[in-house]
Amino acid sequence: QVQLVESGGGLVQPGGSLRLSCAASARTFSSYAMGWFRQVPGKEREFVAAISSSRSRTYYADSVKGRFTIARDNAKRTVYLQMNSLRPEDTAVYYCAANRSGSFYYRVSYNYWGQGTQVTVSS
């Protein structure tokens, strides 16, 4: 069992930055790939970014490539999402998730989910 707790969301102006954190409870954290997804009301939860367990590979949705950066610290059992140049369309609830195996891009590959943190980009 892996418990995930996100933090760092909030209200930011367009063009601003936020860093989300996701702390994991499991000692086996380093064996999981980690991902960030986001969801707005009435829409499917969509992939944002993922990082392999060894940190050697990262993946991004086209909509955030060049603006967002995913990173992890296995010693701290934490994954981060640095979000720069934020846009109103980035407004969503952001979820982190742990993936034991399978494609990084699909929700069904993720075994554990956090409760989410709200990010609002507005002037």
What pairs with Ala23 under side-chain contact (heavy atoms from CB on, under 4.5 Å), at least two apart in sequence or on another chain? Thr78

Restricting to pairs with a member in residues 52-95, which pass disulfide (SG to SG under 2.5 Å), not counting sequence neighbours? none

Taking every heavy atom of Ala92 against every heavy atom of Val40, the minimum-distance pair comes out as CB-CG1, 3.7 Å

With Asn111 via side-chain hydrogen bond (donor to acceptor under 3.5 Å, both in side chains) - residues at least two apart: none

With sequence neighbours excluded, residues passing ring-ring contact (aromatic ring centres under 6.0 Å, His included) with Tyr94: none

Please tabulate, for the side chains in residues 81-88, all donor-acceptor contacts under 3.5 angstrom to protein atoms that are two or more places apart in sequence or on a different chain.
from: Gln82; atom 1: NE2; to: Asn84; atom 2: OD1; distance (Å): 2.9
from: Asn84; atom 1: OD1; to: Ser17; atom 2: OG; distance (Å): 2.9

So that I know where these two stand, are Trp36 and Phe68 an aromatic pair - ring centroids less than 6.0 Å apart? no

Applying side-chain hydrogen bond (donor to acceptor under 3.5 Å, both in side chains) between Tyr32 and each of Arg72, Arg100, Arg77, report the one that passes. Arg100

Contacts of Gln3 meeting side-chain contact (heavy atoms from CB on, under 4.5 Å) (sequence neighbours excluded), chain-then-number -> Ser25

Same apolar cluster: Phe29 and Ile70, side chain cutoff 4.5 Å: yes

Cluster link Val2 to Leu20, ILVMFWY, side chain under 4.5 Å: yes

Quick one: list whatever passes ring-ring contact (aromatic ring centres under 6.0 Å, His included) with Tyr59, sequence neighbours left out. Phe104, Tyr105

When rounded to the nearest 0.5 angstrom, what distance separates OH in Tyr80 from OG in Ser7? 9.0 Å

Please tabulate, one pair per line, all N/O donor-acceptor pairs under 3.5 Å involving side-chain atoms of residues 43-50, not counting sequence neighbours.
from: Glu44; atom 1: OE1; to: Arg107; atom 2: NH2; distance (Å): 2.8
from: Arg45; atom 1: NE; to: Gln39; atom 2: OE1; distance (Å): 3.1
from: Arg45; atom 1: NH2; to: Gln39; atom 2: OE1; distance (Å): 3.2
from: Glu46; atom 1: OE2; to: Arg38; atom 2: NE; distance (Å): 2.6
from: Glu46; atom 1: OE2; to: Arg38; atom 2: NH2; distance (Å): 3.2

What distance separates Met34 CE from Asn74 CG, expressed to the nearest 0.5 Å? 10.0 Å

OG on Ser123 to CG on Leu11, rounded to 0.5 Å: 9.5 Å

Please enumerate all residues that pass side-chain contact (heavy atoms from CB on, under 4.5 Å) together with Val93, with sequence neighbours excluded. Tyr95, Gln118

Has Thr58 got a side-chain atom pairing as donor or acceptor with Ile51's backbone, closer than 3.5 angstrom? no

Give every residue pair that meets the disulfide (SG to SG under 2.5 Å) criterion with at least one member in residues 34-101, sequence neighbours excluded. Cys22-Cys96

Val119 side chain reached by Thr91 side chain, heavy atoms, under 4.5 Å: no

Quick one: are Ser53 and Ser31 in side-chain contact, heavy atoms under 4.5 Å? no

Among residues two or more places apart or on two chains, list those pairs meeting disulfide (SG to SG under 2.5 Å) that have a residue in residues 29-69. none

Return the CG to OG distance between Asp90 and Ser63, rounded to the nearest 0.5 Å. 7.0 Å

Among residues at least two apart in sequence or on other chains, which ones pass side-chain hydrogen bond (donor to acceptor under 3.5 Å, both in side chains) with Gln115? none

